[in-house]
Structure formats: structure tokens, C-alpha cells
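Working notes for the structure below.
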There are 2 protein chains.
Amino acid sequence: MTLQELKYVVAVADERNFRRAADKVFVSQPSLSASVKKLEDELGVQLFERGPQEVLLTEAGRQVVAQARRVLDEAARVKVVAKEKHDPLRGTLRLGVIHTIAPYLLPDLVMALRSSAPGMPLDIEENLTANLDQMLRGGLIDVAIVAEPYSATGIETVPLYDEEFRVVVPAKHPWARRKAVSADELETQNLLLLSIGHCFRDQILEACREFAKPAPPGKEGNSLETLRSMVASGLGISVLPASALTQRYANPLIKVIDFLPPTPLRRVVAAFRTDFPRRAAVEAIAAAAPTLDLPVKAAPRQRP
Amino acid sequence: MTLQELKYVVAVADERNFRRAADKVFVSQPSLSASVKKLEDELGVQLFERGPQEVLLTEAGRQVVAQARRVLDEAARVKVVAKEKHDPLRGTLRLGVIHTIAPYLLPDLVMALRSSAPGMPLDIEENLTANLDQMLRGGLIDVAIVAEPYSATGIETVPLYDEEFRVVVPAKHPWARRKAVSADELETQNLLLLSIGHCFRDQILEACREFAKPAPPGKEGNSLETLRSMVASGLGISVLPASALTQRYANPLIKVIDFLPPTPLRRVVAAFRTDFPRRAAVEAIAAAAPTLDLPVKAAPRQRP
DNA sequence: TGCGGGTGATAGGCAATGACTATCGAGGTG
DNA sequence: CACCTCGATAGTCATTGCCTATCACCCGCA
């Protein structure tokens with residue numbers, strides 16, 4: 001039984017005439033006759049009475065044709081469903097973002113995508129890189145926005161932007177008046193870091209190799225906002241990414257100091273499975289990134 | 001798009017593995033891959049992400065597969081419907097019967113068929129032969145029980161039984177004591193006949209050729225029961241078929257007289273379109289006829 | 001009563017479709 | 001690094017379904 005046979009049978013039932021039905025479905029009359037007979041044989045029931053005057057539906061034919069219409073109806077809806085999903089910028093995109101990026105990027109990004117891809121709502125998952133990686137491979141999310149270094153087989157990345165690091169110290173800290181500090185100097189202070197698992201912690205330790213080996217530094221916080229508050233309360237100094245230090249987050253208890261060049265930075269990328277079919281959705285995110293009002297540098301597409 | 005492609009896609013979605021899915025639907029893995037790709041191309045949407053680890057459903061894939069299941073479901077019901085109609089003795093039989101047979105045959109026939117073909121309810125239409133003929137050709141009824149002579153192209157008949165005619169006279173009629181009368185004698189009496197259109201009228205006139213030409217005889221009735229009542233009231237004599245003169249219809253005001261041989265009779269047949277596929281249903285009727293408690297003679301199958 | 005115009009079924013040739021086996025290339029795993 | 005499994009590809013082959021041409025039948029008309 002094929003959809004075509006069902007189409008043919010319905011056509012014959014509609015036209016009550018094999019020739020007209022054949023024209024209607026764009027085949028020759030013998031082909032149509034053969035197909036109808038084939039279906040009748042398969043079903044073991046005669047569907048039509050071929051009289052010399054007219055073609056009559058048998059009782060079985062009536063029922064089968066009615067059911068065939070339902071099949072064709074549902075089959076037509078397959079195409080409709082597929083067509084609706086045709087545009088990669090339509091349909092929910094499941095997006096994972098690490099904790100140190102989400103709160104600073106998402107408000108603007110969602111805003112930008114709402115106009116550039118209005119048919120693509122975001123289902124957002126905020127988590128650690130390692131977890132996002134697993135979810136990405138497992139198909140639980142479609143795209144992950146993480147910081148480099150990040151690579152995995154079967155995963156591609158598109159750079160979004162480069163984001164410099166800044167030192168934040170309490171307002172009454174001895175460094176509060178300095179214009180810039182060197183990464184090596186941080187060692188001398190009580191450096192507050194994120195807890196283990198946050199990539200941002202590792203990136204800072206990487207930037208300040210000197211004390212990566214010695215004992216772990218001061219206290220740890222669970223989010224950048226926690227760190228910020230801890231600094232504000234005078235507990236120590238810390239390092240935050242530039243996007244966490246916009247005007248919106250200005251705080252009189254905190255002083256922001258640049259690094260002496262080379263300024264450490266992180267590259268933020270969008271990662272997705274190589275086989276992910278909605279690349280245009282990733283492109284939409286990459287295209288939106290440089291338009292955002294963030295203190296970042298557009299990251300050139302270096303490894304396409 | 002074919003049902004097979006939909007089956008394949010559903011199998012892949014179920015197994016999340018092309019090889020296992022191929023086994024499940026009894027094709028080689030390359031064939032299955034090709035079919036899936038073909039459907040994806042046709043729909044213009046990628047349904048699966050073929051990762052090295054596992055096969056993932058895209059969002060479009062989820063929706064298409066869900067719809068495909070519905071299609072296959074409905075398609076399976078086509079076979080169920082057909083199977084239900086597989087037995088020609090199942091399903092309503094639309095039966096037409098002429099007025100002069102219906103009330104005497106149907107009660108017994110329905111009873112007999114209820115046991116020999118319990119799954120075949122009768123939808124009964126009572127009408128004149130000419131109308132039944134049209135309905136039979138037009139497919140409005142499946143079988144017509146009529147009296148011969150009846151023939152038409154594209155129509156076959158099966159004899160059911162032969163039924164003799166009897167003369168009925170009022171109880172106080174001069175003939176009331178006679179054992180038998182000749183057809184020719186009827187001319188001398190006030191013969192009550194059915195109105196024009198009833199074949200039984202023509203058959204009586206045929207039996208008594210003598211006065212077929214002269215002026216029309218006495219009054220006319222619209223049914224055999226009307227005639228019977230008219231005879232009972234002394235309005236004249238009439239002729240009835242044997243099946244209308246069983247014990248059940250005995251009436252003290254009426255005397256039944258045999259014809260002198262050759263006794264006129266009518267052959268009752270079941271007529272159906274040559275193309276009618278449920279011949280077994282007709283056979284069931286033919287087989288039931290001789291078992292009925294009617295004063296008739298089984299009609300041999302003379303022209304098969 | 002024979003003759004066109006209609007029906008659906010049949011016959012024979014042909015091309016497209018789908019299936020197969022064998023193999024590849026990519027990844028993951030010991 | 002060898003080995004295994006994944007899905008994709010290549011090439012061949014049989015089946016399928018299609019077409020044109022024709023048949024057999026029935027109708028209505030002359």
C-alpha cells in the first residue's frame with residue numbers, strides 16, 4: 001500500500017470514472033487501473049464495481065476511501081509541519097551560557113535577536129562549561145556560549161567577541177589611585193576567585209602564572225556578583241571581565257583598574273555540534289554580537 | 001514522500017541508530033540512509049543530526065516524526081477497515097423487494113439469514129420492479145428480489161423459487177364450492193387486479209390472454225391485501241400468489257380455488273449487477289429460499 | 001442492425017526507482 | 001596505534017510503475 005495508490009483510489013471515487021481520475025492525478029488510465037487493482041488485491045477487497053455505465057463504490061470501497069482520505073490528510077500535514085520548520089531562524093533555539101557571561105550578555109543579546117530573528121525564541125540554560133559541553137554533545141542544547149579555550153571533537157565554534165579583564169579593588173585599597181597594575185602584582189594581594197569549575201577562575205590563574213602553583217589564594221565566590229560584593233566589603237581584590245563592569249554596575253565602594261599591557265582577555269565563542277543543521281541560527285548570534293553595547297572588541301573570524 | 005519513507009524515519013527515530021533501524025524495517029543500512037536523505041531533501045528540512053556518537057532528532061525531526069506516526073497509524077487503519085469488509089457476508093446488504101413479495105417472504109427470509117449470515121443486516125427497499133431496476137443499476141441497492149420476466153444488461157439473476165397462483169373468491173360466490181377453475185373462465189367474472197406498474201398484474205393478464213385485449217377489467221387495488229379485502233367484501237374475484245395464502249392469512253369470507261392445470265405461476269429471482277462483488281451474499285439468499293416455510297417449489301438453477 | 005464513441009482491462013517495452021554488496025572516512029576505545 | 005562502530009558513498013541489478021497501443025464491451029444512433 002502506498003500513498004500514491006491511496007491518492008488514485010480517492011481520485012477514482014471522486015470522479016467515478018477511471019479516465020477522468022487518471023487525468024486528475026496525471027497518469028495514464030492503464031497505470032491507474034493497475035494501481036487500483038494492486039491495492040484491491042493487497043487489501044483483499046474489491047473497492048469499485050466497474051460497470052459499463054459508471055463506476056460504483058462498494059461498501060468496502062466507501063469505507064476504505066474515507067480512511068484513505070484521512071491518511072492523505074495526515075500525510076499532507078507532514079509537509080506543512082516540515083515547511084513550518086524550514087527556516088532555521090524559526091523555532092526555539094536551546095542555548096547554554098556560562099555563568100560568567102549570561103547575566104551581562106543575555107539582556108542585550110535577547111534584545112538584538114528579537115529583531116534579527118523574531119521567530120526564534122531562546123530556551124536558556126546557565127551552567128558551567130563542562131556541563132554545557134555534555135549537554136551540547138547530548139543534544140540537550142543546540143548552542144553553547146562559552147569562553148576559550150574550548151574544543152571538542154564534533155564541535156565547532158564561532159568567535160563572538162574578545163573581552164578584557166580588569167582588576168577591581170576596594171575604594172580605600174592602596175591601589176585605588178593607580179592607573180594600572182601588572183598581572184604579577186596580584187600575587188601580593190588577597191585575590192578573590194570563583195570556585196573551582198568556573199573557567200573564568202582558570203583564565204585568571206593562567207594570566208597570573210606566578211602563583212598558580214603556590215597555595216590557593218584567598219576566599220572563593222560562587223558568582224561574579226558575589227565576588228564584586230566581597231570586594232566592595234573590603235575582603236580583598238578580584239578580577240572581572242569588562243562586560244561585568246559597565247556603567248550599570250558602577251559601585252562607589254569599588255575601584256576598577258586596568259591591567260598593564262598585555263591586558264589579559266578571554267575570547268567568547270558560540271559552540272555547536274558540527275552536524276547541527278541550523279547554522280544560520282548560530283550566524284544570527286555571531287552577527288548580533290558586535291552590535292551589542294558591551295565594552296568588548298569584535299573578534300575576527302580567524303578559523304572559519 | 002512515501003509511506004515507506006515515513007516508516008523508515010520513524011524507525012530511525014525509535015532506534016536512534018541507522019543500522020538497528022535498518023534491521024528493524026528489514027532493509028540494508030545504505031538503503032535506509034538513502035531513503036531518509038531523500039525524504040529530508042523533499043521536505044527541505046534535516047530531520048536527524050548524524051553524530052558519531054548517536055543520532056539526534058532535530059526540532060523539525062521531532063515534529064515530522066510525530067506527524068509521520070499519525071500517518072502510519074491512519075494507514076494501518078486502512079487495512080483494518082478493509083479486513084473488516086473482507087467477508088462478503090459482513091456488512092449491510094441493500095435489498096429491494098417488490099410489493100407483492102415483500103410482506104410474505106421477508107419475515108421468514110430475515111429470520112433465516114439472521115442465522116446463516118448474522119453479520120449481514122438487510123436494508124430493505126420495497127418498490128415496483130421498474131423502480132428497483134433503476135435503483136439496482138444506479139447502485140442504490142445491491143440485490144433486487146423480483147418476479148420474472150426480468151432481464152437487463154449487466155444484471156444477473158438467481159432463481160429463488162416458483163410460486164403458483166390461486167383464485168380467490170368471496171365465500172358466497174357461485175364458484176365457492178368448485179375445486180378448480182380454468183384461467184379462461186376468469187374473464188366472465190369481475191376480476192380485481194393491482195394497479196398498473198405491478199408486475200403481478202401483468203402476469204395474471206398474461207395467464208389469461210383471452211381478455212388482455214378488451215377493456216380493462218373491474219376495480220384495481222394498490223396491494224394484494226387491498227385486493228384480498230375487496231374480495232372478502234364481495235366486490236369481485238381475484239388471483240393471489242400462493243405465498244399470500246398461507247394459514248396465517250386464512251379468512252372465512254374468502255374461498256381459495258386452484259387453477260386447472262397448467263397452473264399459472266411466477267418465478268421469483270434475486271437480481272444483482274454482474275459486477276457486484278458480494279456474490280456470496282446473493283448465494284446466501286438463494287440458499288435460504290428453499291428452507292423457508294412457504295407454499296412454493298424450489299426453483300432449479302437452470303441458467304447458471 | 002451496424003457503427004462511432006464511450007468505458008475499463010490487457011499487452012509489451014522501457015526507464016526510474018529502490019535494493020543490494022562492498023567500501024570509505026570519521027570517531028571512539030582498548 | 002590498532003580495532004571497532006558509526007553513517008555515507010559507489011556501483012550493479014532487479015523490480016516497479018509508467019507509457020503507448022490495443023482489446024472487449026456497452027451504449028446510443030441511424
Side-chain angles (χ1 to χ4, degrees), chain A residues 1-9 11-13 15-42 46-58 61 133-134 136-139 151-156 273-277, chain B residues 1-9 11-13 15-42 46-58 61 134 137-139 151-156 273-277:
Chain A
M1 183 173 63
T2 69
L3 285 174
Q4 202 171 50
E5 285 165 358
L6 296 181
K7 267 187 214 118
Y8 289 178
V9 162
V12 172
E15 298 292 333
R16 297 187 170 280
N17 177 305
F18 276 65
R19 261 178 162 74
R20 286 198 302 275
D23 288 346
K24 190 175 173 182
V25 295
F26 305 111
V27 286
S28 67
Q29 169 264 317
S31 298
L32 179 131
S33 283
S35 286
V36 170
K37 179 189 284 280
K38 178 168 166 291
L39 181 60
E40 284 180 330
D41 287 348
E42 181 180 347
Q46 193 169 332
L47 303 177
F48 301 103
E49 275 182 50
R50 287 98 158 150
Q53 309 259 41
E54 52 184 340
V55 172
L56 293 175
L57 272 161
T58 66
D133 175 60
Q134 275 207 329
L136 191 59
R137 293 156 167 275
S151 77
T153 58
I155 302 288
E156 276 182 54
R273 292 179 298 278
T274 303
D275 314 294
F276 182 59
Chain B
M1 183 173 63
T2 69
L3 286 175
Q4 200 171 55
E5 286 165 359
L6 296 181
K7 267 186 214 118
Y8 289 179
V9 162
V12 173
E15 298 292 332
R16 297 188 171 280
N17 176 305
F18 276 67
R19 262 177 223 286
R20 285 198 302 276
D23 289 345
K24 189 175 173 181
V25 295
F26 305 109
V27 287
S28 66
Q29 169 264 316
S31 297
L32 179 131
S33 283
S35 285
V36 170
K37 180 191 285 278
K38 178 167 166 293
L39 181 60
E40 285 180 330
D41 287 349
E42 180 180 347
Q46 193 170 333
L47 303 177
F48 301 103
E49 276 183 48
R50 286 97 158 152
Q53 309 259 40
E54 51 184 344
V55 171
L56 294 174
L57 272 159
T58 65
Q134 275 207 331
R137 294 156 166 277
S151 76
T153 59
I155 302 287
E156 275 183 54
R273 292 179 298 278
T274 302
D275 312 295
F276 183 57

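These numbers come from a predicted model, not from an experiment. Basis for what follows: all heavy atoms, side chains included, without hydrogens, waters or symmetry-related copies. Throughout, a chain's letter reflects where its sequence line sits, starting with A, and its residues are numbered from 1.
In this structure, the side chain to side chain donor-acceptor pair (under 3.5 Å) partners of B/K38, at least two apart in sequence or on a different chain, are B/E5. Every residue two or more places apart in sequence or in another chain that forms a side chain to side chain donor-acceptor pair (under 3.5 Å) with A/S33 is listed here: A/Q29. Scanning for side chain to side chain donor-acceptor pair (under 3.5 Å) contacts around B/R16 gives an empty result, with sequence neighbours left out. With sequence neighbours excluded, the residues satisfying side chain to side chain donor-acceptor pair (under 3.5 Å) with A/K24 are A/D14. Checked against salt bridge (Lys or Arg N to Asp or Glu O under 4.0 Å), B/R20 has the following partners two or more places apart in sequence or in another chain: B/E15. Taking the side-chain contact (heavy atoms from CB on, under 4.5 Å) definition, one finds that B/Q4 meets it with B/T2, B/Y8, sequence neighbours left out. Checked against side-chain contact (heavy atoms from CB on, under 4.5 Å), A/V55 has the following partners two or more places apart in sequence or in another chain: A/V12, A/F18, A/F48. Not counting sequence neighbours, the partners of A/Q46 by the side-chain contact (heavy atoms from CB on, under 4.5 Å) test are A/E40, A/R50, B/P277.
With rounding to the nearest 0.5 angstrom, the CG atom of B/L47 is 8.0 Å from the CG atom of B/L57.
OP1 or OP2 of C/dA9 sits under 4.0 Å from a side-chain N or O of A/R50.
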Scoring nucleotides 19-25 of chain C by protein non-hydrogen atoms under 4.0 Å (B base, S sugar-phosphate only, - none) yields BBBB---
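Rounding to whole angstrom units, CD of residue A/Q46 and P of C/dG8 are separated by 14 Å. If you measure from atom CZ of A/R273 to atom P of C/dG27, you get 15 Å, rounded to the nearest angstrom. Distance A/K38 NZ to C/dA9 P: 16 Å, rounded to the nearest Å.
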Detail all sub-3.5 Å separations between protein N/O atoms and N/O atoms belonging to nucleotides 28-30 of chain C.
residue, atom, partner, partner atom, Å
C/dG28, OP1, A/T153, OG1, 2.9
C/dG28, OP2, A/T153, OG1, 2.8

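Remark on DNA chain C: of its neighbouring residues A/T274 and A/A34, the 5'-side contact belongs to A/A34, judged by nearest-heavy-atom nucleotide. With the nearest nucleotide of DNA chain D identified for both B/K37 and B/R20, B/R20 has the one nearer the 5' end.
Closest approach of A/L56 to B/R273, counting heavy atoms only: CD1-NE, 3.4 Å. Shown here for A/R137 and A/I155, the closest heavy-atom pair between the two residues is CG-CD1, 4.4 Å.
The bend of the helix from C/dT1-D/dA30 to C/dG30-D/dC1, defined by the angle between the axes of its first five and last five pairs, stands at 20° to the nearest 10°.
Remark: A/K37 does not engage A/D41 in a salt bridge, criterion side-chain N to carboxylate O under 4.0 Å.
Between chain A and DNA chain D, the heavy-atom contact criterion of under 4.0 Å yields a 5' to 3' nucleotide range of D/dG17 to D/dC27.
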